[in-house]
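Below is one structure, written out as structure tokens; comments come after it.
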Number of protein chains: 2
Amino acid sequence: MAGATLRDVARRAGVSIRTVSNVVNESVPVSDELRTRVEAALKELEYRPNLVARNLRRGRTGMLAFVVPELDVPYFAELAREVITAAREHGYVVMLDQTDGDAERERELLGRESRATMFDGLLLSPLSISEDELRDRTNRVPVVLLGEHIFNGDFHHVAIDNVAAAREATEHLVSLGRRRIAAIGDQPYSTGETAQLRTIGYRQALERAGLSVDESLIVSTPHFHRRLGAEAMRHLLALPEPPDAVFCYNDLLAIGAMYALADAGVRVPEDVAVIGVDGIQEGEYSSPTLTTIAPDKTQIARTAVSTLVASIEGTAPPPADAKAPYQLLVRGSTRGAHEAR
Amino acid sequence: MAGATLRDVARRAGVSIRTVSNVVNESVPVSDELRTRVEAALKELEYRPNLVARNLRRGRTGMLAFVVPELDVPYFAELAREVITAAREHGYVVMLDQTDGDAERERELLGRESRATMFDGLLLSPLSISEDELRDRTNRVPVVLLGEHIFNGDFHHVAIDNVAAAREATEHLVSLGRRRIAAIGDQPYSTGETAQLRTIGYRQALERAGLSVDESLIVSTPHFHRRLGAEAMRHLLALPEPPDAVFCYNDLLAIGAMYALADAGVRVPEDVAVIGVDGIQEGEYSSPTLTTIAPDKTQIARTAVSTLVASIEGTAPPPADAKAPYQLLVRGSTRGAHEAR
DNA sequence: GTCGCCTTTTGCAACGATGCAATACCTGGG
DNA sequence: CCCAGGTATTGCATCGTTGCAAAAGGCGAC
């Protein structure tokens, strides 16, 4: 019941352990007679290789770890799907863990007692942890970082060009004729690097358009959740001069903002145009549908996984920042907004 | 660089391997002097236990596998989050895999060459695979099934009472005074057991309310995605006598249905009331917000994981169907719909 | 008939850790 | 000064598999 081993099969078939192994692995030629006998025994005993033992011997586990802040955030769920698929194509399976954006938990995950030794490689999504700590803790396991982190070329890294993406998002709003364009999602602390890059892009777009930046229109949020998007939007609506467009740093914030707008009876996009980032499925069916900057998640996952796998196999080029493609998807929350107002 | 082993540390500290092991595991008393020396060596060499080796020796991996049809379906993502959290509380990590609802892939996952031996236990969500196959393939690994499957008590199983839940959902619509209540999501094939149970509950509610069941108001969908919900709704709207309420078998279908309704200029809930099942976060911010039957995901995950862990440790009671709690959350898609019309 | 070569089969060691049981050490009592 | 009894330390075997290299078997050539 406890699972037959090679030894059991060998005894049953009257051959050596090694021969059974040869049959199982199809690596070395085995005579037809023995092969037949061994295969019969394998079937009768329902032999399945003990992968833990095999991994110990081979020094590989065939597992990658993918660490995200929150799995119930659609962007990460959708990305995880792609990562799992990409990993499977390379013959790997994926262990998923969450940090809840907590630096402490991140340390724990990478720490001494961690299960890091069970994985051939590590895929990490936005971290609070610092570069030095990361280097300290992962010096044995290949790592690929996903999403922005201003690390200096010591790690492989896949992300979209956040500055450019944010600039394009804002320019899209400008192109609609909007002039009071707000931004929701800045994070002016050390862990908010992605957010800061998007703020830079936002400012660039306004400056290029000859618009002045009204600091009161930049609203910070500690997280990127729907509720905070709604709160931020309510705050903006309460300003003496509310915005006529909002660039949200992710789609969830945008969904929250649209919720607050609907609640306040403000029309989208006529009164306020809304754009997000992430290209999550939810935005395809929201009311109105959400204009967004959609990173190519499939591409991101593929690049990240194949870089990681190359790294594991020692065939990787030196660490570099891979820029992933993205796309502006114009939908209801900004469409047809030219004529309006 | 390749990772120090107990032997390396032992050599460095001038003690036996076994003593180092004792220090690391804190199981056996070690004199202060040696402990100090060993700890120094551990630190200098940055020793981390090789978990693969440890697992081999101990016969446990500390890993659970959680297999879902699609991770980018919010219900599963939210459930996965809870499962990961619950597993962590028991000292386990979680490997996630997807089947895409494909029976072939399910077999593959459980098949001979699978990594099943790398996990102490298996958590499976709705499957296409049959009971017999499942029994054949998992006779060594403890399994807990999540979601409905009409299996006969051979497996642990956690789910809500789908018949009752569907009945309550439908009764809610009845209580609003609706009389032409449609159902979206039936799946009249062998793999659609959850759907069939919900259809039963739907019929029960109508019958109890003295309403006749109009078969043309029951629309089947091969999957539970937003797009199919929209398509089904369009179909219903095109009927000679369209419905005045819709019970969708999950929230994504409901979101899709509301999309189609908005598109057609039909008011929700005034003209058509909508209810879903799953209680996903998306429904809290949709427009209108979505009334739903929300299974207690935390509870489901906790129950499933602790049953699985008990099973692994051999302390589990015989397999049983655990019924998880759920809750009717009344929101905008049905609220204030009494007065209307 | 013997040798040598090629193919098939096998034994042994090792991957890195832990369980078990024996050894070494230390203390106090007689 | 020796011995019992407790504690600290260690060696050996083992988990199930695979790499390596030697052993065994088969066959043609001399």
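Heavy-atom basis, side chains included; hydrogens, waters and symmetry copies ignored. Below, read A as the first sequence line, B as the second, and so on, with proteins coming before strands; counting in each chain starts at 1.
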Between Glu82(B) and Lys297(B), is there a salt bridge with N-O shorter than 4.0 Å? no

With the threshold set at 4.0 Å, does a side-chain nitrogen-carboxylate oxygen contact exist between Asp32(B) and Arg37(B)? no

Please confirm whether the backbone N or O of Val30(B) pairs with a side-chain atom of Arg35(B), one donor and one acceptor, at under 3.5 Å? yes

I need the [atom1]-[atom2] distance between [X] and [N], as an integer number of Å.
{"X": "Glu33(A)", "N": "dG26(D)", "atom1": "CD", "atom2": "P", "result": "11 Å"}
{"X": "Asn25(B)", "N": "dT9(D)", "atom1": "CG", "atom2": "C1'", "result": "15 Å"}
{"X": "Met118(A)", "N": "dA17(C)", "atom1": "CE", "atom2": "P", "result": "14 Å"}
{"X": "Arg54(B)", "N": "dC15(C)", "atom1": "CZ", "atom2": "C1'", "result": "16 Å"}
{"X": "Asn22(B)", "N": "dA21(C)", "atom1": "CG", "atom2": "C1'", "result": "13 Å"}
{"X": "Arg57(A)", "N": "dG16(C)", "atom1": "CZ", "atom2": "P", "result": "9 Å"}
{"X": "Leu56(A)", "N": "dG19(D)", "atom1": "CG", "atom2": "C1'", "result": "13 Å"}

Side-chain donor/acceptor of [X] to base of [N], under 3.5 Å:
{"X": "Arg58(B)", "N": "dA17(C)", "result": "no"}
{"X": "Arg18(A)", "N": "dT10(C)", "result": "no"}
{"X": "Arg48(B)", "N": "dG16(C)", "result": "no"}

Closest nucleotide of DNA chain D for Leu6(A) versus for Ile17(B): which of these residues is on the 5' side?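 On the 5' side of the pair lies Ile17(B).
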
Side chains of Arg18(A) and Asn22(A): any donor to acceptor distance under 3.5 Å? yes

Side chain of [X] (C-beta onward), nearest among [options]:
{"X": "Arg7(A)", "options": "dT18(C), dT9(D), dC15(D)", "answer": "dC15(D)"}
{"X": "Asn50(A)", "options": "dT10(C), dA8(D), dT17(D)", "answer": "dT17(D)"}
{"X": "Ala53(A)", "options": "dT9(D), dG16(D), dT18(C)", "answer": "dG16(D)"}

Across the strands shown, which category fits Val30(B) at heavy-atom distances under 4.0 angstrom: base, sugar-phosphate, nothing? sugar-phosphate

Could you tell me which non-hydrogen atom of Val158(A) sits nearest to which non-hydrogen atom of Ala324(A), and how far apart they are?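 Nearest heavy atoms, Val158(A) then Ala324(A): CG1-CB, 4.4 Å.
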
